[in-house]
Amino acid sequence: MRRVRNTIIVFTVLAGLGIAGVFVALGGLSLFAKDIEQQYQTAAVERGDIAAKVGSSGNAHARQTAILTWRTSGNVAGLAVQPGDHVEQNQLLAGLEPSSLSSNMIQVKTQLAAAQDALRELRETQTTRAETWNAVLTAQKALNDALVAESMLDQPNASPSNLEAAQAAYNLALAQVDSAEQMYAFVQGLPLDDPARLNAAASLERSYRERDIALINLQYAQGKPDDSTARQVHANLALAQANLEEAQRRWEEVKDGASAEQVRAAELRVESLEMTLAQASLLAPISGTATEVYIKNGDVVEAGTQAVRIDDFSERHIIVQVPEIDIVRVRLGQPALITFDALPETQYHGEVITVSRVGKLEAGRIEFEVEVRITDADDRVQPGLTAAVNVIVDQRTDVVRIPNRALRRANGQHIVYLIRSGALVSVPVTTGLSDESNTELLSGDVQPGDMIVLNPPASATQTSAQD
């Protein structure tokens, strides 16, 4: 109603001014609108993306770092690595001159040789013991088989089922002979070269042969092993008994040999001496690049002297400290944007790979450790470089964005100011996600293209959008 009333008043005034006065008055209104637009900083409302970030800073480091130190004293010899060299895990990097080792280390070499000999003897004894016991088991099985064979000497050569099958086969063969003889009798008067007589004669001959074979099989199944077979079975039994006795005698000789526990103890003794002797050499614990070499051939070193640093540059990581108020929004796998003080022209990308579950008190506040892996790192990213890390904890795409500078609060809600028809208008809005520049508009009478005021005064004469 206020807008209508104001409009009526304006036109009433214009009517009293006449034609010339109207043009003067309209020009004054135009100048008034332009004056308002020039009085405030404005920007057009746009659509775009918003990404909420949790920021912190830290230093770059390699995926894994190892600093090797000597564990005994002596003179360095055989240095096989220089700064920048690639090394493989367990590669020999350097050693100590044997003559420069302490007397204790020399004694260890002697003890190791003796321990290795003792272990070899125990293993040989244990192998012999196992082989002998297996021989006893094999001889016992052979004896059992021979006893079974001997018990079968009084039994028919075939089982009842096999004997029945042999009898059935013989009966069938007899029937086939009868049939063949009857067939031959029909054609016996034909000439000798007649095909029918020849075929019948061949069938008769075949039936006789099959009958004879079936009879032999039946007789074997009905009979018992002959004397020759019985003598062989008895001989096999005697040999099996003799073999078992010999195997048992050998077992008695070796059964009290080295046990598995004795062999394991000897193995641990050898391993312990080898580890002690290994203190005179340096092996790479990881694969990577030798970034620092602190020694030279001929150097005299003591236990604890640093020798080589190895960095695994297959990945670059950054560890940052996140305050407790932000850590609840940080999750594994979230993307991150990374910039380095030394490389301001390049923005790198990363992802969160670890989030500490225990906070630490740092400078009077609780902070949590977060590790970020750089996914597109190059060789310019060296360990120690200071980085700014922004973890993207939430994001929206293609939303209506309100500049943060334009947001104000009144009566417990957000409002923004727009310039409409030359007047300053306040509009209540509901907001969503925010980043460092913009805030997502969820609801409110604001559309893309509206001119929004970035610097409204603390108190201004304004026309409400609801009026």
Side-chain angles (χ1 to χ4, degrees), residues 123-261 263:
R123 283 175 173 169
E124 291 175 353
T125 300
Q126 192 179 44
T127 299
T128 301
R129 186 170 178 267
E131 291 175 348
T132 303
W133 178 245
N134 286 335
V136 170
L137 296 179
T138 301
Q140 183 65 62
K141 182 178 183 305
L143 177 59
N144 292 339
D145 292 343
L147 290 172
V148 170
E150 183 186 46
S151 67
M152 297 296 292
L153 290 177
D154 293 332
Q155 302 295 327
N157 289 325
S159 64
S161 60
N162 289 340
L163 179 59
E164 183 178 351
Q167 183 66 59
Y170 179 67
N171 293 340
L172 178 61
L174 291 178
Q176 289 175 343
V177 168
D178 289 342
S179 176
E181 286 178 343
Q182 292 175 9
M183 182 61 68
Y184 184 74
F186 286 124
V187 297
Q188 190 173 7
L190 297 175
L192 293 177
D193 58 352
D194 186 275
R197 180 173 180 175
L198 292 175
N199 289 334
S203 297
L204 181 60
E205 177 63 25
R206 185 166 54 253
S207 66
Y208 287 154
R209 186 167 60 252
E210 292 176 354
R211 180 200 58 189
D212 294 342
I213 293 173
L215 179 60
I216 293 173
N217 291 335
L218 175 60
Q219 291 174 344
Y220 175 79
Q222 292 172 337
K224 296 181 179 180
D226 55 21
D227 292 342
S228 175
T229 301
R231 286 194 298 271
Q232 184 62 48
V233 169
H234 292 312
N236 291 342
L237 176 60
L239 178 60
Q241 289 174 332
N243 288 340
L244 177 59
E245 292 173 0
E246 175 62 19
Q248 290 173 334
R249 184 188 65 77
R250 287 281 296 133
W251 171 246
E252 291 297 325
E253 294 177 354
V254 301
K255 69 177 183 178
D256 296 327
S259 64
E261 291 77 11
V263 172

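- With contacts defined as side-chain heavy-atom distances shorter than 4.5 Å, the pair L237/L147 qualifies.
- With values rounded to the nearest 0.5 angstrom, S203 atom OG is found 4.5 Å from R206 atom CZ.
- Listed by chain and number, the residues in a side-chain contact (heavy atoms from CB on, under 4.5 Å) with A242 amount to none (sequence neighbours excluded).
- Applying the side chain to side chain donor-acceptor pair (under 3.5 Å) test to Q241 and every residue at least two apart in sequence or in another chain returns nothing.
- Taking CG of L244 as the start and CZ of R249 as the end, the distance is 12.5 Å to the nearest 0.5 Å.
- In this structure the side chain of Q232 reaches within 4.5 angstrom of the side chain of N236, judged on heavy atoms.
- Interatomic distance, L190 CG to Y184 OH, rounded to the nearest 0.5 Å: 9.5 Å.
- Considering only residues two or more places apart in sequence or on other chains, E245 meets the side chain to side chain donor-acceptor pair (under 3.5 Å) condition with none of them.
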Would you mind writing out the side-chain donor-acceptor pairs for residues 137-146 within the sub-3.5 Å range, not counting sequence neighbours?
residue	atom	partner	partner atom	Å
T138	OG1	N134	O	2.9
Q140	NE2	N144	OD1	3.3
K141	NZ	D145	OD2	3.2
N144	ND2	Q140	O	3.3

Identify all side-chain donor-acceptor contacts of residues 170-181 below 3.5 Å with residues at least two apart in sequence or on another chain.
residue	atom	partner	partner atom	Å
N171	OD1	Q167	NE2	3.1
N171	ND2	Q167	O	3.4
E181	OE2	Y208	OH	2.8

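- For the side chain to side chain donor-acceptor pair (under 3.5 Å) test, residues two or more places apart in sequence or in another chain that qualify with E261 are S259.
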